[in-house]
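Beneath this line is the structure, given in structure tokens, with notes to follow.
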Amino acid sequence: MTGSIRWMREPDGGFDLKEEARWRTDIESLVFPIGDQAATCAVHRGAFRTLLGAEPTPQACLAYFGEFEDAFRAAASLKIARKCIPAGTNLHLTSRDIARILLESSQIKRGEQR
């Protein structure tokens, strides 16, 4: 894990790019800053439902992000590059974006063990 996470409710929905990942109840999503992009990335509860295979709680989503933060950040970077998303533009990740990175990482690890 490269950063820290916290669960917060913010009525204004604002996000400081210096903050950590957190849960936004107003959009039912985990959000985290992408500093070099000067943007925010959101992952909706529905994506976590697919990734976790169960109805997720905000705490479960934050824990999953904490465990696989590098994959979330890699998925965001890949999406930015693939879609040519300009700096300062917020984005969201789907379960497919994240699963693609996790699958590739798993295959690489298995290959290294052989």
Side-chain angles (χ1 to χ4, degrees):
M1 182 167 84
T2 59
S4 58
I5 56 176
R6 63 185 167 144
W7 181 33
M8 289 186 61
R9 290 188 176 140
E10 300 248 346
D12 65 359
F15 196 75
D16 179 349
L17 290 175
K18 295 181 180 108
E19 292 185 34
E20 301 90 15
R22 63 186 172 88
W23 186 258
R24 286 214 12 214
T25 56
D26 60 329
I27 60 172
E28 292 292 305
S29 298
L30 179 140
V31 294
F32 62 95
I34 305 171
D36 57 342
Q37 183 74 3
T40 299
C41 185
V43 184
H44 191 267
R45 179 190 298 268
F48 284 103
R49 184 180 305 118
T50 300
L51 293 167
L52 295 170
E55 191 60 39
T57 64
Q59 294 87 349
C61 296
L62 286 163
Y64 191 84
F65 176 84
E67 185 175 350
F68 298 107
E69 182 175 351
D70 291 341
F72 280 77
R73 293 191 179 280
S77 294
L78 182 63
K79 190 166 200 170
I80 289 165
R82 191 177 71 245
K83 298 202 174 246
C84 299
I85 298 172
T89 303
N90 296 333
L91 65 141
H92 77 279
L93 296 176
T94 65
S95 60
R96 188 175 300 144
D97 295 325
I98 299 158
R100 181 181 302 122
I101 297 297
L102 290 171
L103 180 61
E104 289 172 5
S105 174
S106 173
Q107 290 172 346
I108 289 169
K109 285 182 184 177
R110 281 197 309 262
E112 290 174 350
Q113 293 173 354
R114 291 184 182 166

Begin from the C-alpha positions of Thr89 and Lys83 and carry the test side-chain contact (heavy atoms from CB on, under 4.5 Å) through to its verdict.
CA-CA 12 Å; Thr89 303; Lys83 298 202 174 246; over 6 Å; no
Which heavy-atom pair separates [X] from [Y] by the least distance, and what is that distance?
{"X": "Leu93", "Y": "Ala47", "answer": "O-CB, 4.3 Å"}
{"X": "Gly88", "Y": "Ala39", "answer": "C-CB, 4.3 Å"}
{"X": "Ala42", "Y": "Ser29", "answer": "CB-CB, 4.3 Å"}
{"X": "Pro86", "Y": "Gln37", "answer": "O-NE2, 3.0 Å"}

Would you check if the side chain of Ser77 reaches a backbone N or O of Arg73 as a donor-acceptor pair within less than 3.5 Å?
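Checking the backbone N and O of Arg73 against the side chain of Ser77, a donor-acceptor pair under 3.5 Å is found.
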Under 3.5 Å, side chain of Arg100 to main-chain N/O of Ala75, donor-acceptor pair present?
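Not a single qualifying donor-acceptor pair exists.
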Could you tell me if the side chain of [Y] sits less than 4.5 Å from the side chain of [X], heavy atoms only?
{"X": "Leu78", "Y": "Asp97", "answer": "no"}
{"X": "His44", "Y": "Ile27", "answer": "no"}
{"X": "Ile80", "Y": "Ile34", "answer": "yes"}
{"X": "Glu28", "Y": "Trp23", "answer": "yes"}

Can you pull out every salt bridge (charged side-chain N to carboxylate O under 4.0 Å, His left out) where at least one residue sits in residues 30-39? Sequence neighbours excluded, please.
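Non-adjacent pairs meeting salt bridge (charged side-chain N to carboxylate O under 4.0 Å, His left out): zero.
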Is it the case that atom CZ in Arg49 sees more than 12 heavy atoms from other parts of the structure closer than 6.0 Å?
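Yes - once you tally the heavy atoms of other residues, nucleotides and ligands closer than 6.0 Å, there are more than 12.
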Pairwise distance CG(Leu52) to SG(Cys61) - rounded to 0.5 angstrom:
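Here the rounded value is 6.0 Å.
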With ring centroids as reference points, do Tyr64 and Phe68 lie under 6.0 angstrom apart?
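For Tyr64 and Phe68, the ring centres are under 6.0 Å apart.
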ILVMFWY network linking Leu62 to Phe48, side-chain heavy atoms under 4.5 angstrom:
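Same cluster.
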Are Ile101 and Leu91 connected in a single hydrophobic cluster, I mean Ile/Leu/Val/Met/Phe/Trp/Tyr linked by side-chain heavy atoms less than 4.5 Å apart?
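No.
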Pairwise ring-ring contact (aromatic ring centres under 6.0 Å, His included) hits with a residue in residues 78-97, at least two apart
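Output for this query is empty, none listed.
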Can you tell me how the ring of Phe65 sits relative to the ring of Phe32, calling it parallel under 30°, perpendicular over 60° and tilted otherwise?
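Correct class here is tilted.
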